[in-house]
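Okay, so here's the structure we're looking at.
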Number of protein chains: 2
Amino acid sequence: MSTPGRGLHGHVLDTLGPEITAGEYPPGSVLRTDELAQRFDVSRSVMREAVRVLESMHLVESRRRVGVTVRPKAEWNVYDPQVIRWRLAGADRPHQLRSLTVLRSAIEPVAARLTAQHATAEQCAELTECALGMVAHSRGHQLEGYLLHDVAFHRVILTASGNEMFARLGDVVAEVLTGRTQHDVMFEDPDPAAVTLHVRVAEAVRARDADRAEELTREITVGALQELDILVP
Amino acid sequence: MSTPGRGLHGHVLDTLGPEITAGEYPPGSVLRTDELAQRFDVSRSVMREAVRVLESMHLVESRRRVGVTVRPKAEWNVYDPQVIRWRLAGADRPHQLRSLTVLRSAIEPVAARLTAQHATAEQCAELTECALGMVAHSRGHQLEGYLLHDVAFHRVILTASGNEMFARLGDVVAEVLTGRTQHDVMFEDPDPAAVTLHVRVAEAVRARDADRAEELTREITVGALQELDILVP
DNA sequence: GCTCTCAAAAAGTCAGACTTATTCATCACA
DNA sequence: TGTGATGAATAAGTCTGACTTTTTGAGAGC
């Protein structure tokens with residue numbers, strides 16, 4: 001998923017990033033480069049590179065004679081995929097999951113509308129294939145296969161929209177859907193209503209019915225929000 | 001706006017970042033750290049820090065024995081505020097502006113709905129104040145004052161929604177609105193219809209009418225899209 | 001034509017010395 | 001007593017040069 005072991009500075013980030021995003025250092029806390037270098041047993045240069053990356057994510061701020069201070073959560077680059085992963089792996093996973101699901105509920109319907117307007121014939125076919133794959137795997141605890149097609153479906157919707165900002169949320173949605181299956185409750189077969197909705201979205205896109213595609217996708221995301229409300233009230 | 005002069009590596013980024021996001025190096029292009037260090041007249045350590053930051057933005061990928069290769073646009077972290085600024089300052093500014101406006105049209109109505117449900121009394125007052133400020137500056141070429149209140153208005157909507165992902169888009173929206181006034185055509189007074197819509201959104205939020213707040217905000221963003229269609233067909 | 005070996009290339013890492021900005025405490029002066 | 005200047009301490013910032021490690025590509029040998 002991530003890119004582990006891309007050098008020593010990567011290893012440092014894999015430890016320090018989750019710690020900071022988990023809130024282990026309250027905002028305003030001061031870290032010192034030298035101490036961190038000692039703690040991780042790396043040279044100052046490596047440590048400095050790691051700090052620079054954290055700084056570019058707005059997680060910390062480095063100032064002379066002061067040190068590396070942790071910034072308040074409100075300033076973090078919460079759209080950075082790495083930050084999202086760190087937070088999803090940490091303590092405020094439920095909170096993050098809700099934020100992202102609300103984001104989905106805003107983005108995906110509009111994306112579906114655009115997809116209905118702009119999708120190529122190939123993308124339409126891909127979408128239908130995904131929906132049919134979901135149907136095929138929706139019974140008998142074939143959760144892995146189902147998830148795979150579900151993720152692919154939403155990824156097509158987002159990329160076929162033709163909007164680069166939407167397209168880049170494909171990974172985020174994948175992470176949310178995967179997390180829902182893996183970590184949280186999903187023992188039973190998927191909701192048949194949801195499966196049907198996906199099929200109908202694919203149909204609407206193929207029929208170039210933008211209004212219907214948007215509305216049906218809205219129903220899907222509303223369902224996702226309700227599911228979350230049940231899991232984490 | 002940005003944070004210029006935060007060290008040598010910052011200066012390097014301010015030059016190299018815009019170059020890459022402008023597409024001056026086609027995807028797959030190979031840069032070498034040593035050459036870059038020479039070009040910018042900085043030490044390798046400084047150059048390495050800059051490369052690490054570009055790497056964390058997924059603009060480039062650094063591999064041993066190969067060099068620093070530029071990644072395809074589709075992989076860039078397009079939500080990184082710095083990347084957004086670089087692109088807005090560059091050649092594909094119109095394209096970027098459209099992407100962001102579409103994003104706004106998806107996010108802001110939902111944010112307004114949530115704000116109507118969750119805003120504190122203080123936030124309601126703030127919103128009303130912004131709307132009235134817009135009215136007050138909407139006649140007689142007081143564009144600066146108008147813009148200020150417009151930006152503040154949308155920022156309140158996004159933060160008061162209570163969703164951290166929405167809140168972080170405040171800066172982006174500010175950049176879009178500011179850019180529209182400064183760079184593009186905006187000689188005349190603001191559209192009176194738009195001003196009225198803002199006032200009515202504030203009213204709807206105060207009245208806790210989520211449906212109306214969402215619908216009115218949708219009209220605002222539709223207007224923004226139409227305005228863009230006129231400017232850049 | 002194939003694999004295997006080896007050398008070159010470029011990033012990665014480290015250690016140490018030096019520079020610079022910032023803070024804070026001290027002290028002189030009003 | 002308050003205030004502003006002075007200076008020393010501090011931690012980040014920078015540079016240099018040597019060394020390591022991984023990866024690639026060319027050439028040798030089969």
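Everything numeric here is computed off the predicted structure, so don't read it as measured data.
Note: A:Leu103 CG to B:Ile107 CD1 = 5.0 Å, rounded to the nearest 0.5 Å.
Note: CE (B:Met47) to P (D:dT14) measures 13 Å, nearest angstrom. Distance, B:Leu8 CG to C:dT19 P: 15 Å, rounded to whole Å. Atoms NE2 (A:His9) and P (C:dC14) sit 13 Å apart, rounded to a whole Å. We find that CD of B:Glu55 is positioned 12 Å from P of C:dA11, with the value rounded to whole Å. Taking atom CD of A:Glu35 as the reference point, atom P of D:dT10 lies 13 Å away to the nearest angstrom. Counting to the nearest Å, the C1' atom of D:dT20 and the CZ atom of B:Arg65 are 16 Å from each other. Taking atom CG of residue B:Asp34 and atom C1' of nucleotide D:dC15, one finds them 14 Å apart after rounding to whole Å. A:Gln38 places its CD atom 14 Å from the C1' atom of D:dA11, with the value rounded to the nearest Å.
Across all strands shown, A:Arg63 has heavy atoms under 4.0 Å from sugar-phosphate atoms exclusively, and none from any base. Residue B:Ser62 is in sugar-phosphate contact alone, with no base atom involved, counting any heavy-atom pair closer than 4.0 Å across all strands shown.
Out of C:dA11, C:dA15, D:dT14, the shortest distance to the side chain of B:Thr33 is found at C:dA11. Picking from C:dC14, C:dT22, D:dT23 the nucleotide with the shortest atom distance to the side chain of A:Val42 gives C:dC14. Side-chain proximity of B:Val46 to the nucleotides D:dC15, C:dC14, D:dA12 is greatest for D:dC15. Considering only side-chain atoms of B:Arg48, the nucleotide from C:dA11, D:dT14, C:dA15 that sits closest is C:dA11.
Side-chain N/O atoms of B:Arg44 and base N/O atoms of C:dT13 include a donor-acceptor pair closer than 3.5 Å. At a cut-off of 3.5 angstrom, counting only N and O atoms as typed in the model, there is no donor on one side facing an acceptor on the other between the side-chain of A:Arg32 and the base of D:dT10.
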>> Go through it in stages, so that I can follow the logic: the residues are B:Arg87 and B:His95, the test is side-chain contact (heavy atoms from CB on, under 4.5 Å), and I'd like the CA-CA distance, side-chain angles, deciding distance and then a yes or no.
In response: CA-CA 9 Å; B:Arg87 296 183 65 193; B:His95 178 251; 4.0 Å; yes

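A:Glu108 and A:Thr217 are not linked by any side-chain donor-acceptor pair at a separation below 3.5 angstrom, with hydrogens and angles left out of the test.
Aromatic ring pairs are classed by plane angle as parallel below 30°, tilted from 30° to 60° and perpendicular above 60°; the pair B:His198 and B:Phe153 is perpendicular.
Proximity of B:Gln96 to B:Val78: side-chain heavy atoms (C-beta onward) are nowhere separated by under 4.5 Å.
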